[in-house]
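Working notes for the structure below.
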There are 2 protein chains.
Amino acid sequence: MTNKLNLNNLTKSEEDYLKAIFQLLIEDASVKVGNNQLADYLKVSPASTNNMIKKLKAKGYVVSEKYGKLELTEEGKSVAVRLIRKHRLWETFLCNYLNFTWDEVHDVAEQLEHIKSRKLIDELDRFMDFPKKDPHGEVIPNANGEYSIIPKITLSSLSEGDVCQLIAVNDGSVHFLKYVSEIGLALSSEIKILEVREFDKSIRIKFDNTIETVTRKFADNVFVNKVV
Amino acid sequence: MTNKLNLNNLTKSEEDYLKAIFQLLIEDASVKVGNNQLADYLKVSPASTNNMIKKLKAKGYVVSEKYGKLELTEEGKSVAVRLIRKHRLWETFLCNYLNFTWDEVHDVAEQLEHIKSRKLIDELDRFMDFPKKDPHGEVIPNANGEYSIIPKITLSSLSEGDVCQLIAVNDGSVHFLKYVSEIGLALSSEIKILEVREFDKSIRIKFDNTIETVTRKFADNVFVNKVV
DNA sequence: TAAAAAAGTTAGTTATGACTAACAAATTAA
DNA sequence: TTAATTTGTTAGTCATAACTAACTTTTTTA
Ligand SMILES: [Mn+2]
Ligand SMILES: [Mn+2]
Ligand SMILES: [Mn+2]
Ligand SMILES: [Mn+2]
């Protein structure tokens, strides 16, 4: 097995880059991820990402050809999944034990995910009795990095008459998450698409006897499971 | 009041330096703390500390004259106490909820103490029902930075015939803490000084029907409350 | 298919926080 | 009170990770 045991000697920055590449790759499994796209996502300059990519390639976490698109090695994916596990476990802890609301947890979890201690995160997992999902509905990978990929589509991809169930939301924006709660939507809400307006792609939806119009941008951040 | 509200914009390094100065200053309230002593304590070069001290002076956390000793401003002390509060609360959490032993908590707490979130630490405090002391017997400052200074002396400062109670131990060394547990000492143990050997300052002690000889170095890291 | 636009790369700069080597000031010992 | 030692400072270097500006390659559009 010659386990490389690569003792987690990665900087916070290196970890953040690997996580970002991983997330861009699953969000759009078909489309390739390039240097500038990564720069956009991380809100740094293309020169910065170019530089970091070189380092991550040298360390064996990333594969790419010059002027080509980015791929992660198994080692690279493993680092990313462990970060996501930590991020989601901490978010769950903050929500379920420390009175944080779902819009408050992300920024603190961004810090906590970089704490280096295998025992800490596995014990936190045990303490919470191995939760399966984080406060935003995302699946939490287990201690071996395994996790089920639940088929989910965005609310914006549905058509008039479709009925779906809200199973997850994008956790990156405080404003978005507050907005979701304010209009009364929550995980498991059943949503019916009343109308998709061609003009601006805004969508008229019904849930729990509430009727609301949401923008395309809003619907892009809501993940659902189609029911009808 | 013109509260400066200095939004916690300190780096991990700046925080560590302020905490180190604070700890050196209370450990030896009479003796002044100098640049090289700080370098020794932090295990960096005197050039590094000299450089950082300049920055902390410019930012208003440290006061000192050229070639003179170091002092902390009120702002500097406040940063240090908040760090110590976070460090001790995390250690308590790790021990009491996540199955860590008292020798395992320090290194992880060194990382966790730098997480920036007022709500996180105050909620953690509430969750544990406002513990008063950390696993090593040290007092935890409250949310306003207030804490009682319990008079404590080192075991090494006692004389033959004295009786004392173990109230705290230095939490910096894993080896030391394991050693303390192994010989059967714990917080609240009542210790009698049987003999102080002039030759090497080693001390023969008795506690719980156990008789042990400990070195001067060991006794320097054990804090007690003199009983007789 | 040639021009324009987008994507990616390189060079050079900056800030932080380490380091060593050389030097200056202060303290201690002879 | 001079000399030796300790303490503190400065200058110059390095690594990390950001930046801008200029350039090259690839892709798209006309
Ligand atoms: Mn991060
Ligand atoms: Mn989440
Ligand atoms: Mn620290
Ligand atoms: Mn402690």
Side-chain angles (χ1 to χ4, degrees), chain A residues 6-21 24-25 28 30-72 76 79 83 110-111 113-114 116, chain B residues 6-21 24-25 28 30-72 76 79 83 110-111 113-114 116:
Chain A
N6 105 321
L7 276 150
N8 250 30
N9 39 9
L10 287 165
T11 65
K12 177 184 180 304
S13 282
E14 290 170 332
E15 289 186 337
D16 280 336
Y17 275 88
L18 290 174
K19 196 177 81 160
I21 297 168
L24 286 172
L25 282 171
D28 234 317
S30 53
V31 172
K32 299 290 180 183
V33 173
N35 183 72
N36 288 15
Q37 192 187 347
L38 180 60
D40 255 31
Y41 184 78
L42 286 171
K43 297 190 176 66
V44 297
S45 72
S48 297
T49 47
N50 193 279
N51 206 56
M52 180 59 91
I53 290 302
K54 267 185 197 159
K55 200 194 307 179
L56 294 173
K57 283 169 72 172
K59 290 194 176 186
Y61 296 106
V62 170
V63 177
S64 77
E65 286 177 20
K66 205 169 178 179
Y67 292 99
K69 300 302 176 183
L70 306 172
E71 278 175 85
L72 288 176
V79 170
L83 277 169
E110 275 298 319
Q111 299 179 61
E113 72 188 7
H114 298 288
K116 287 171 173 54
Chain B
N6 103 324
L7 275 150
N8 251 28
N9 39 8
L10 287 165
T11 65
K12 176 184 181 303
S13 282
E14 290 170 332
E15 289 186 338
D16 280 336
Y17 275 89
L18 290 173
K19 195 177 83 159
I21 297 168
L24 286 171
L25 281 171
D28 234 317
S30 52
V31 170
K32 298 291 178 183
V33 173
N35 183 73
N36 288 14
Q37 191 187 347
L38 180 59
D40 255 31
Y41 184 78
L42 286 172
K43 298 186 175 64
V44 296
S45 71
S48 298
T49 46
N50 193 277
N51 205 54
M52 181 60 90
I53 290 302
K54 268 184 197 162
K55 199 194 307 180
L56 294 173
K57 282 169 72 170
K59 289 194 176 187
Y61 296 105
V62 170
V63 177
S64 78
E65 285 176 21
K66 205 169 179 179
Y67 291 99
K69 300 303 176 182
L70 305 171
E71 278 176 83
L72 288 176
V79 169
L83 278 168
E110 275 297 320
Q111 298 179 61
E113 74 189 5
H114 298 288
K116 287 171 174 54

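All figures in this text were calculated on a predicted structure; none of them were measured in a lab. Per chain, numbering begins at 1; letters A, B, ... match sequence-line order.
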- Task: State, to 0.1 Å, how close B:S64 and B:K57 come at their nearest heavy-atom pair, and which atoms those are.
- Result: O-NZ, 2.8 Å
- Item | Given DNA chain D, 5'-ward residue of the pair A:Y67 and A:E14, judged by closest heavy atom | A:E14
- Message: Minimum heavy-atom separation for B:P46 and B:N35, please, with both atom names.
- Response: O-ND2, 3.2 Å
- Covered region of DNA chain D, 5' end to 3' end, by chain A [heavy atoms, under 4.0 Å]: D:dT16 to D:dT26
- Give the minimum heavy-atom separation between B:L83 and B:E15, together with the two atoms involved. CD1-O, 3.2 Å
- Task: Can you measure from CD1 (A:I21) to CD1 (A:I53) and round to the nearest 0.5 angstrom?
- Result: 4.0 Å
- Message: To check you understand the geometry: which heavy-atom pair defines the closest contact between B:D16 and B:E113, and what is its length?
- Response: OD1-OE2, 3.5 Å
Every protein N/O lying under 3.5 Å from an N/O of nucleotides 10-16 of chain C:
| from | atom 1 | to | atom 2 | distance (Å) |
| --- | --- | --- | --- | --- |
| C:dT10 | OP1 | A:K66 | NZ | 2.8 |
| C:dT10 | OP2 | A:K54 | NZ | 2.9 |

- Task: Whole angstrom is fine here: how far is it from CG in B:N35 over to C1' in C:dA26?
- Result: 14 Å
- Over how many whole Å does the gap from A:N36 atom CG to C:dT9 atom P extend? 9 Å
- To the nearest 0.5 Å, tell me how far B:T49 OG1 sits from B:K54 NZ. 11.0 Å
- Message: What's the separation between atom NE2 in A:H114 and atom CD in A:E14, rounded to the nearest 0.5 Å?
- Response: 11.5 Å
- Query: Can you check the A:L38 CG to C:dA6 P distance for me, whole Å?
  - Reply: 20 Å
- Can you spot which of B:V62, B:T11, B:V44, B:L10 makes a side chain to side chain contact (heavy atoms under 4.5 Å, CB included) with B:Y17? B:V44
- Task: Indicate, with a heavy-atom threshold strictly under 4.0 Å, whether A:K12 touches base, sugar-phosphate, or nothing.
- Result: nothing
